[in-house]
Q: 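There's a structure below that I have some questions on.
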Protein chains: 2
Amino acid sequence: MKKPYHHGELRQALVDAARALVHDRGESGFSLSDACRRAGVSTAAPYRHFADKHEILAEVAAQGFIDMTNRSRAETTRHPVGSPERIVALGRVYFNFAISEPALFRMMFGQKPGIAENNRLWATGEECFAYVVQEVVSFCDANRIAGDAQLIALQLWTMVHGAASLTIDGDYAKVAPGLDVEGLIADAANRLLFSLPRTPSA
Amino acid sequence: MKKPYHHGELRQALVDAARALVHDRGESGFSLSDACRRAGVSTAAPYRHFADKHEILAEVAAQGFIDMTNRSRAETTRHPVGSPERIVALGRVYFNFAISEPALFRMMFGQKPGIAENNRLWATGEECFAYVVQEVVSFCDANRIAGDAQLIALQLWTMVHGAASLTIDGDYAKVAPGLDVEGLIADAANRLLFSLPRTPSA
DNA sequence: TTGCAATGTTAGCGACCCTAACATAATGTT
DNA sequence: AACATTATGTTAGGGTCGCTAACATTGCAA
């Protein structure tokens, strides 16, 4: 059997290769040429499917958001609606995602010249956050917590995002080696939630 | 007057050029060639002063830590030792630094292949954090707050770092345009501090 | 079948990082 | 003062990369 002139699934093959390469070498270490080699095509082939290198990376990041949203749904639905376990599960998914796919995580949330403008990426990211807000709303309702659910969600997001970033970027390791990051998050998140004003019970 | 063969201050000139270029175009948009053009030397000249491109960027990042530490000292000393204003000032300096120099901020705290290993960068970063811990220790002492000051400092750092990152990377803007980030930080930090256990007054 | 659109290819431009070999200037030794 | 040594520039060039232009092959549709 000989290689056909046309690849057939080149677009998806390039995205898959890009994701694998980014995972291995980081975004800055990723080259389109490498992805082409891996897909077995010439370096000019991608331009039939993508405008430029950034567009492939945006697609990879968008798939990251989809993955994260799916993992979030899968983990939260194992606990009753409105339970604190659902919020904890969300934080855990976020943190573990960052740990397991740091380069992808950075592409999703980091500043990306030429990537952030991508519409598809924008939409998948928004959808992901909307799910978190929805969960926080349910939690607040079930626990008679007063306050803007979106603001609460933003505070929790900020905390977990900070912890995830400082972990994968090696900053914690420099000043506090061996730190129990998950414990730190759990403690802070608890205090953030317990210090919220509550509506008087009926 | 004609240009002398030797530059005389090339090392510092290159670092200055690099810092300015990183500020304008970001780390990924920075090229050593540009810095050489700006300094008026050939592209081979830097290698008499630096091992490679990463070493220049590490020097830039280290100067960023020194700047941040200086700003922290300058702002905190305007308030009495142990006062909450000193902690607030620290957070403000951190956040404003990220806003005013986002690219530099990312180089200081982001993952940097070939940069993070730099010893000088490592030392300046540690010194910067040590100052924060020292301030938190003073605050806890003055306010009879029980608990590991380093852990408290780490939690505050996490919160502010998350907020700074999500701001400069444009992530807040996507899901909550017009968000009052400083208010969000202040509220969360207050709740984190007020929910700490206190030693009984004598 | 035949023409067109889609999707590959090769060749090449310009930018970049870095090294090798060479040129010039500053410094120190006698 | 003459010379050797070291420091710090230069030019030339190799290898990689992103991207484009021109050409080749294939699938599909009239």
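Heavy-atom basis, side chains included; hydrogens, waters and symmetry copies ignored. Chain letters run A, B, ... following the sequence lines, proteins first and then strands; every chain starts at 1.
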Q: About how many Å separate CD1 of A/Ile87 and CD1 of A/Ile152, when rounded to the nearest 0.5 Å?
A: 9.5 Å

Q: Select one nucleotide: of D/dG18, C/dC16, C/dT9, the one nearest the side-chain heavy atoms of A/Ala44.
A: C/dT9

Q: Would you mind reading off the distance between A/Phe30 atom CZ and D/dC17 atom P, rounded to a whole angstrom?
A: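 From A/Phe30 CZ to D/dC17 P: 11 Å.
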
Q: NZ of B/Lys53 versus C1' of D/dC17: gap in Å, rounded?
A: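 For the pair B/Lys53 NZ and D/dC17 C1', the rounded distance is 12 Å.
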
Q: Pick out which of B/Phe105, B/Tyr131, B/Phe129 makes a ring pair (Phe, Tyr, Trp, His ring centres under 6.0 Å) with B/Tyr94.
A: B/Phe105

Q: Is any side-chain N of the basic residue among B/Glu27 and B/Arg106 closer than 4.0 Å to the acidic one's carboxylate O?
A: no

Q: Grab the CG-P distance between B/Leu32 and C/dT19 for me, whole Å please.
A: 11 Å

Q: Can you check the B/Leu14 CG to C/dC18 P distance for me, whole Å?
A: 13 Å

Q: Which one, D/dT10, C/dC18, D/dC17, comes nearest to the side chain of B/Ala45?
A: D/dT10

Q: For D/dT25, does OP1 or OP2 lie under 4.0 Å from any side-chain N or O of A/Arg48?
A: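 No, no such contact exists.
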
Q: Counting just side-chain N and O atoms, does A/His49 come under 4.0 Å of either OP1 or OP2 of C/dG8?
A: yes

Q: Look at the side-chain N and O atoms of B/Arg11 and state whether any lies under 4.0 Å from the OP1 or OP2 oxygen of D/dA7.
A: no

Q: Run the salt-bridge test on B/Arg71 and B/Asp67 with the 4.0 Å N-O cut-off and return the result as yes or no.
A: no

Q: Are any of B/Ser33's side-chain N or O atoms less than 4.0 Å away from OP1 or OP2 of C/dC17?
A: yes

Q: Between A/Ser42 and C/dT10, is there a side-chain N or O to OP1/OP2 distance below 4.0 Å?
A: no

Q: If I take atom CZ in residue A/Phe50 and atom P in nucleotide D/dG18, what distance separates them, rounded to the nearest angstrom?
A: 14 Å

Q: Would you call A/Arg11 and A/Glu59 a salt bridge, taking side-chain N to carboxylate O under 4.0 Å as the test?
A: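 Looking at A/Arg11 and A/Glu59, the cut-off is met.
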
Q: A/Leu10 CG to D/dT25 P: how many Å, rounded?
A: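 Result: 19 Å.
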
Q: What is the distance from CG of A/Asp52 to P of C/dA15, rounded to the nearest Å?
A: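 The distance from CG of A/Asp52 to P of C/dA15 comes to 18 Å, rounded to the nearest Å.
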
Q: Return the value, rounded to whole Å, for the distance between atom CG of A/Leu57 and atom P of D/dG18.
A: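 Going from CG in A/Leu57 over to P in D/dG18 covers 10 Å.
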
